[in-house]
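Let me begin by presenting the structure, written as structure tokens, before commenting on it.
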Amino acid sequence: MTKIEHIGIAVKDLSAANEVYRKLFGYEHYKTEEVASEGVMTSFFKCGENKIELLEGTTENSAITKFIEKRGEGMHHVAFAVDDIRSEMKRLEEEGFILLNKEPKRGADNKWVAFLHPKTANGVLVELCQDIDPGFTE
Ligand code: CO
């Protein structure tokens, strides 16, 4: 793992949260992106070389909607940058972490992502992310 890539924060209302974080940072988010497969709308703020990802659920079944119903708004996950997501997934599985997806999937902001179950990481949902190769096509 090379750095904290971003911290994910579950929010009820993305545009209201964008305004809160605009005031916090003193500048605007740099992108908004829907990840329809996950039922989320996201926005990203840069903070030095790290980022904050705000996530609003767009469906009743979205993990973000369920998270907020259970625990309210707040910190949802910590994402670490990795150079080779498949080898890290294999290594972490061998170390006893439970992977929530067996194959890397497409996440927001041009990343391959995989998640580790919070119960195997001291209550923290861990995301691994690797930049998608600019030459990659489906
Ligand atoms: Co994330």
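All values below were derived from every heavy atom in this structure, side-chain atoms included, with hydrogens, water molecules and symmetry-related copies excluded. Atoms within a ligand are numbered from 1 in the order they appear, just like the ligands themselves.
- Ring-plane geometry between H6 and F44 is classed as perpendicular, the angle between the planes exceeding 60 degrees on a 0 to 90 degree scale with a lower cut at 30.
- Relative ring orientation between F25 and Y21 is described as tilted, the plane-to-plane angle lying within the 30° to 60° band.
- Between H76 and F67, the ring planes are perpendicular. Angles over 60° get that label, and only those under 30° would be called parallel.
- The residues E93 and K90 are annotated as not salt-bridged, no charged nitrogen and carboxylate oxygen being separated by less than 4.0 angstrom.
- Within the protein, the N, O or S atoms lying under 2.8 Å from the Co ion (ligand 1) are H6 NE2, E53 OE1, H77 NE2, E127 OE1.
- The stretch residues 57-72 participates, sequence neighbours left out, in no side chain to side chain donor-acceptor pair (under 3.5 Å) pair at all.
- Comment: K51 engages E5 in a salt bridge, judged by a side-chain N to carboxylate O separation of less than 4.0 angstrom.
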